[in-house]
Amino acid sequence: GAVVSQHPSWVICKSGTSVKIECRSLDFQATTMFWYRQFPKQSLMLMATSNEGSKATYEQGVEKDKFLINHASLTLSTLTVTSAHPEDSSFYICSAAVVAYGYTFGSGTRLTVV
Amino acid sequence: GIQVEQSPPDLILQEGANSTLRCNFSDSVNNLQWFHQNPWGQLINLFYIPSGTKQNGRLSATTVATERYSLLYISSSQTTDSGVYFCAVVASGTYKYIFGTGTRLKVLA
């Protein structure tokens, strides 16, 4: 139980285009989901918290206009990287809190912008 | 904000050896988890352990919340244990998981 499905697993896009990453909770409802970013050989950094039906809360230094987050239902949160540039290339991973279990994570999306 | 430091940053072991990974945090926490990140980037939940001791096979973990640290023990290490180990905490009064600096483990055959 407590599975979060994240798609796509990897994506290559051209500079200037937008990419959407989906995160679905398969067997539970996720009122809140979290989006992290990880550069090579570094730790995971929290980007934003998405709440179902309301605006996301972004961490300091994260551009909200570049990283659009939508949490339209209790089982789906999306992260759209707009006008992607090579410096946006990274590993993006979502997570959701599960009562008495802790946090469960999606399998991650490796984004490469060329 | 809370600081989460892990040690050692890098560790190389011979197969069969035991090891202890440490996670220190600078403030009181409500939650703490240990994860193993495999070479493909996937985070595998090892333990949800805000306090106390748990064991799962060759792995065990102990969190002493009052002293602000947690330990992950790996016994009889195998090459498949290689990867990066992270602890992550939720500081008291918050709801966000903050990840530690990680320990990169390599187990040699």
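All values below were derived from every heavy atom in this structure, side-chain atoms included, with hydrogens, water molecules and symmetry-related copies excluded. So that the names make sense, note that chain A is the first sequence line, chain B the second, and so on, each numbered from 1.
- Checking side-chain atoms of B/S82 against main-chain N and O of B/V107 turns up a donor-acceptor pair under 3.5 Å.
- For A/K66, the NZ atom sits in a packed shell: over 12 heavy atoms of surrounding residues, nucleotides or ligands are nearer than 6.0 Å.
- When atom types are taken as modelled, the side chain of B/R58 and the backbone of B/S75 share a donor-acceptor pair closer than 3.5 angstrom.
- A/F67 has its ring centre no less than 6.0 Å from the ring centre of A/Y58.
- B/Y73 and B/N18 form no side-chain donor-acceptor contact under 3.5 Å, judged by distance and modelled atom types alone.
- The contact between A/Q38 and chain B is made entirely by side chain atoms (from C-beta outward), counting heavy-atom distances below 4.5 Å.
- Tracing side-chain contacts under 4.5 Å through hydrophobic residues (I, L, V, M, F, W, Y), one reaches B/V4 starting from B/L46; they form part of the same cluster.
- Scanning residues 75-89 of chain A against chain B with a 4.5 Å heavy-atom cutoff picks out nothing at all.
- With a threshold of 4.5 angstrom between heavy atoms, B/Q6 does not approach chain A through any atom at all.
- Between the side chain of B/T103 and the backbone N or O of B/Y85, no donor-acceptor pair lies under 3.5 Å.
- Contact between B/I49 and B/G52 at its shortest, heavy atoms only, is CD1-O, 3.2 Å.
- Looking at A/L44, the atoms closer than 4.5 Å to chain B (heavy atoms on both sides) sit in the backbone and in the side chain alike.
- Against chain A, the residues from residues 88-98 of chain B that qualify, each with a non-hydrogen atom under 4.5 angstrom away, are B/V90, B/Y95, B/K96, B/Y97 in number order.
- Connection of B/F99 to B/W34 is not established within any shared hydrophobic cluster, with ILVMFWY side chains joined at heavy-atom distances below 4.5 Å, either directly or through further cluster members.
- At distances below 3.5 Å, at least one donor-acceptor pair connects side-chain atoms of B/S70 with backbone N or O atoms of B/T62.
- Interatomic distance, SG of A/C94 versus CZ of A/F105, reported as 9.0 Å (0.5 Å rounding).
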